[in-house]
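Below: one structure, written as structure tokens.
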Amino acid sequence: VERIKSLQAHTADCFCVRFKGNDLLAVGSSDAQITLWSRTSSNDKDFLCFRVFNRMEWPIRTISFSHDAEFLAVGSEDPFIAIEHINTGNLVAKVPTFKASSEMKTGIPVNSVAWHPSKHILAFAASEVDDRTGKPTGSIKLFGLG
């Protein structure tokens, strides 16, 4: 194994990394930011940061590109999953992750997000606990962009 490149991407620990094809890289960090990197045409090993998403308040735990690389889903302990538009940098949707019964509307830690391979449908798993039993629920939720 040989290191081919190091990127100074964040000011804190990097928790998740995702490639989309050969030219797009996303990095999520405990600094609550996501950086998007694009491979330069001049050098096969060089990446340039072209966008930073910083609307989350908690460390980024998981990220996923949509099949068409139009959207990035971002999971943390915030009370929502952010769906970011990669090209514009706009927030497209907030998928709620808080418990409906919770008055505080605190976030449930999202452990994994994954897009459908050909549709704008997002699956996610979170660390939910049943209020009655105190045991993990082991549930997966689906969200679709209309």
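- A distance of 6.0 Å separates OG1 of Thr97 from CD1 of Ile108, quoted to the nearest 0.5 Å.
- Minimum interatomic distance between Ala12 and Ser30 (heavy atoms only, all atoms of both residues): CB-OG, 3.1 Å.
- Side-chain atoms of Ser29 do not come within 3.5 Å of backbone N or O of Gln33 as any donor-acceptor pair.
- Listed by chain and residue number, Pro109, Asn111 satisfy the side chain to side chain contact (heavy atoms under 4.5 Å, CB included) test with Ser127 (two or more places apart in sequence, or in another chain).
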Q.
Could you go through Phe50 and Ile86, starting from their C-alpha distance and side-chain angles, then the distance that decides it, and tell me whether this counts as side chain to side chain contact (heavy atoms under 4.5 Å, CB included)?
A. CA-CA 10 Å; Phe50 70 94; Ile86 291 172; 4.2 Å; yes

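- Remark: Met56 CE to Asp78 CG distance equals 4.0 Å, nearest 0.5 Å.
- Leu24 contributes atom CG, which lies 8.5 Å from atom CG of Leu72 (distance to the nearest 0.5 angstrom).
- The shortest non-hydrogen separation linking Ser64 to Ala114 is OG-CA, 3.6 Å.
- Taking every heavy atom of both residues into account, Pro59 and Phe15 meet most closely at CB-CE1, 3.8 Å.
- Under the salt bridge (charged side-chain N to carboxylate O under 4.0 Å, His left out) criterion, Arg132 pairs with Asp130, sequence neighbours left out.
- Residue Cys14 comes nearest to His10 through the heavy atom pair SG-CD2, 3.8 Å, listed as atom of the first residue, atom of the second, then distance.
- Residues in residues 52-73 take part in these ring-ring contact (aromatic ring centres under 6.0 Å, His included) pairs, two or more places apart or across chains: His67-His120, Phe71-His85, Phe71-His120.
- Here OG of Ser38 is found 14.5 Å from NZ of Lys20. Values are rounded to the nearest 0.5 Å.
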Q: May I have the step-by-step check of side chain to side chain contact (heavy atoms under 4.5 Å, CB included) for Arg18 and Leu25, ending in yes or no?
A: CA-CA 6 Å; Arg18 292 289 180 270; Leu25 173 68; over 6 Å; no

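- Here the side chains of Cys16 and Ile60 are in contact, with some heavy-atom distance below 4.5 Å.
- Results of the side-chain contact (heavy atoms from CB on, under 4.5 Å) test with Ile83 over Leu91, Leu122, Val74 single out Leu122 as the only residue that passes.
- For Ala123, the side chain to side chain contact (heavy atoms under 4.5 Å, CB included) test picks out Ile140, Leu142, with sequence neighbours left out.
- Residues that satisfy the salt bridge (charged side-chain N to carboxylate O under 4.0 Å, His left out) test with Lys94, not counting sequence neighbours, are absent from this structure.
- Distance check, rounded to the nearest 0.5 Å: CD1 of Ile63 to CD1 of Ile81 gives 13.0 Å.
- Residues Phe124 and Pro96 share a closest heavy-atom pair of CZ-O, 4.4 Å.
- For the atom pair CH2 of Trp37 and CZ of Phe19, the computed distance is 11.5 Å after rounding to the nearest 0.5 Å.
- Note on Val92 and Ile121: separate hydrophobic clusters, where clusters join Ile, Leu, Val, Met, Phe, Trp and Tyr whose side-chain heavy atoms are under 4.5 Å apart, directly or indirectly.
- In this structure, Thr35 and Cys49 have side chains that are in contact, with non-hydrogen atoms separated by less than 4.5 Å.
- For Arg55, the salt bridge (charged side-chain N to carboxylate O under 4.0 Å, His left out) partners at least two apart in sequence or on another chain are Glu84.
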